[in-house]
Amino acid sequence: MIKGSRILILSRDESTCLETAAYFREKKYSVIWCTDYVDALKLIADEKHRPDLFIFDLTIPSAPEYDLIRSFQAHPEIRKIILSEDDRLESQLHAYSLQIDDYLVKPVALPLLEAHMEAILRRDRRRDTSVETVGALTVDYESSRIYLEDEALILTAKEFELLEYFIRHRGMILSRDKILDSVWGFDYIGGYRSVDTMVKKLRAKLTKKYPYIRTVYGAGYCFDL
């Protein structure tokens with residue numbers, strides 16, 4: 001748990017704001033909430049109240065919602081999570097193209113939302129350290145090298161990017177769609193075979209001794225120590 005992080009919750013439904021705020025305050029987060037877009041913009045413009053993470057709870061995204069998300073691009077240090085009933089792939093890809101950090105389809109259990117939040121906040125905290133040890137792996141982010149038991153892995157640029165992505169999201173179940181969007185880009189025309197092939201190559205390089213990349217059947221992959 002990353003206590004003390006500031007969270008801004010925006011939802012048109014006041015009861016949702018109250019329930020979510022109460023949950024995260026109990027978890028020792030600093031929480032502010034609002035039901036109006038204008039109020040949200042005022043809060044992020046005020047350095048005193050500017051959040052570390054923004055939770056945007058909405059029903060079906062439309063132009064005003066997307067405009068609000070674009071306004072947050074002026075503050076890339078604020079992490080952004082969208083909660084939406086819209087499960088269409090094109091909606092999710094469009095949201096990610098606006099530089100959000102996560103998109104969860106409602107209903108979302110608050111403990112699951114918390115897990116996604118903490119993964120994002122931990123990732124930011126790790127960026128302050130150029131070298132990180134994860135199990136038998138040592139990641140040197142500055143030199144873009146990953147070592148297995150102190151031996152440098154021979155990786156292509158895309159293999160490094162994918163393994164780094166898994167490490168930064170360890171413990172999270174990642175769908176092939178999300179991996180493609182995050183590592184290859186939302187406009188990549190290739191299919192799931194690109195992900196599966198590269199996962200197979202990474203597993204071979206990690207060897208059977210370190211089966212860190214686990215297949216979650218019907219869901220995707222999970223990097224788990």
Side-chain angles (χ1 to χ4, degrees), residues 1-7 24 27-30 50-55 72 75-81 96 99-104 111-186 188 194-216 219-225:
M1 176 183 310
I2 303 177
K3 298 178 181 179
S5 296
R6 297 184 303 278
I7 303 169
F24 286 111
K27 297 292 185 176
K28 309 304 181 186
Y29 286 90
S30 175
R50 189 171 298 159
D52 299 302
L53 187 140
F54 172 53
I55 300 172
F72 273 69
H75 300 281
E77 73 279 6
I78 300 175
R79 298 302 160 208
K80 298 166 283 292
I81 297 178
Y96 278 111
Q99 301 174 25
I100 67 165
D101 295 275
D102 212 343
Y103 187 112
L104 300 175
L112 179 60
L113 173 58
E114 180 184 9
H116 280 253
M117 279 174 38
E118 291 192 348
I120 291 169
L121 294 171
R122 280 197 305 269
R123 185 172 72 235
D124 281 354
R125 184 163 292 185
R126 287 197 297 270
R127 282 173 180 159
D128 296 334
T129 304
S130 61
V131 178
E132 178 184 13
T133 299
V134 180
L137 296 171
T138 300
V139 188
D140 187 332
Y141 294 108
E142 187 172 348
S143 66
S144 297
R145 288 181 176 274
I146 298 179
Y147 299 84
L148 179 64
E149 292 187 333
D150 298 324
E151 291 290 331
L153 291 174
I154 307 303
L155 302 171
T156 66
K158 189 60 69 176
E159 286 171 348
F160 174 87
E161 192 175 351
L162 177 58
L163 185 52
E164 178 192 22
Y165 181 74
F166 276 131
I167 291 170
R168 290 193 184 278
H169 295 80
R170 58 185 178 270
M172 294 177 60
I173 297 174
L174 304 167
S175 69
R176 289 174 173 84
D177 282 326
K178 189 165 186 178
I179 294 169
L180 277 170
D181 178 40
S182 300
V183 178
W184 277 264
F186 73 92
Y188 179 68
S194 300
V195 177
D196 296 337
T197 299
M198 193 160 292
V199 165
K200 184 177 180 180
K201 291 179 179 179
L202 287 178
R203 282 173 168 165
K205 293 180 180 183
L206 291 174
T207 74
K208 293 182 179 179
K209 185 178 178 181
Y210 300 107
Y212 291 153
I213 305 174
R214 178 169 56 91
T215 298
V216 182
Y221 294 103
C222 180
F223 186 92
D224 203 3
L225 301 181

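Here the structure is a predicted model, which means the values were calculated and not measured.
- In this structure, the side chain of Lys158 engages the main chain of Val183 through a donor-acceptor pair within 3.5 Å.
- The line from CD of Glu159 to CE of Met198 is 5.5 Å long, rounded to the nearest 0.5 Å.
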Check against side-chain contact (heavy atoms from CB on, under 4.5 Å), Leu202 and Leu153: CA-CA 10 Å; Leu202 287 178; Leu153 291 174; over 6 Å; no

Verdict with reasoning, Ile179 to Phe166, per side-chain contact (heavy atoms from CB on, under 4.5 Å): CA-CA 9 Å; Ile179 294 169; Phe166 276 131; 4.0 Å; yes

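- To the nearest 0.5 angstrom, Arg170 atom CZ is 6.5 Å from Leu225 atom CG.
- Nearest heavy atoms, Arg176 versus Val195: O-CG2, 4.2 Å.
- Considering only residues two or more places apart in sequence or on other chains, Arg203 meets the side-chain contact (heavy atoms from CB on, under 4.5 Å) condition with Val199, Ile213, Thr215, Tyr221.
- Checking side-chain atoms of Asp101 against main-chain N and O of Ile81 turns up no donor-acceptor pair under 3.5 Å.
- Across all non-hydrogen atoms, the minimal contact from Leu53 to Met117 is CD2-CG, 3.9 Å.
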Let me have the donor-acceptor pairs involving side chains of residues 145-152, under 3.5 Å, with sequence neighbours excluded, atom names and distances please.
unit_1 : atom_1 : unit_2 : atom_2 : d
Glu149 : OE2    : Lys209 : NZ     : 3.0
Glu149 : OE2    : Tyr210 : OH     : 2.2

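- The two atoms that bring Cys222 and Gly171 nearest to each other are SG-C, 3.7 Å, heavy atoms only.
- Note that CG of Asp102 and CD1 of Ile120 are 4.5 Å apart. Values are rounded to the nearest 0.5 Å.
- Heavy-atom minimum distance, Ile78 versus Pro51: CG1-O, 3.4 Å.
- Using modelled atom types, no side-chain atom of Tyr212 and backbone atom of Ile167 make a donor-acceptor pair closer than 3.5 Å.
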Steps toward side-chain contact (heavy atoms from CB on, under 4.5 Å) verdict (Phe223, His169): CA-CA 7 Å; Phe223 186 92; His169 295 80; over 6 Å; no

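- In this structure, Tyr103 and Tyr96 have tilted ring planes: the angle between them lies in the 30° to 60° band.
- Between the NZ atom in Lys178 and the OH atom in Tyr165 there is a gap of 5.0 Å [rounded to 0.5 Å].
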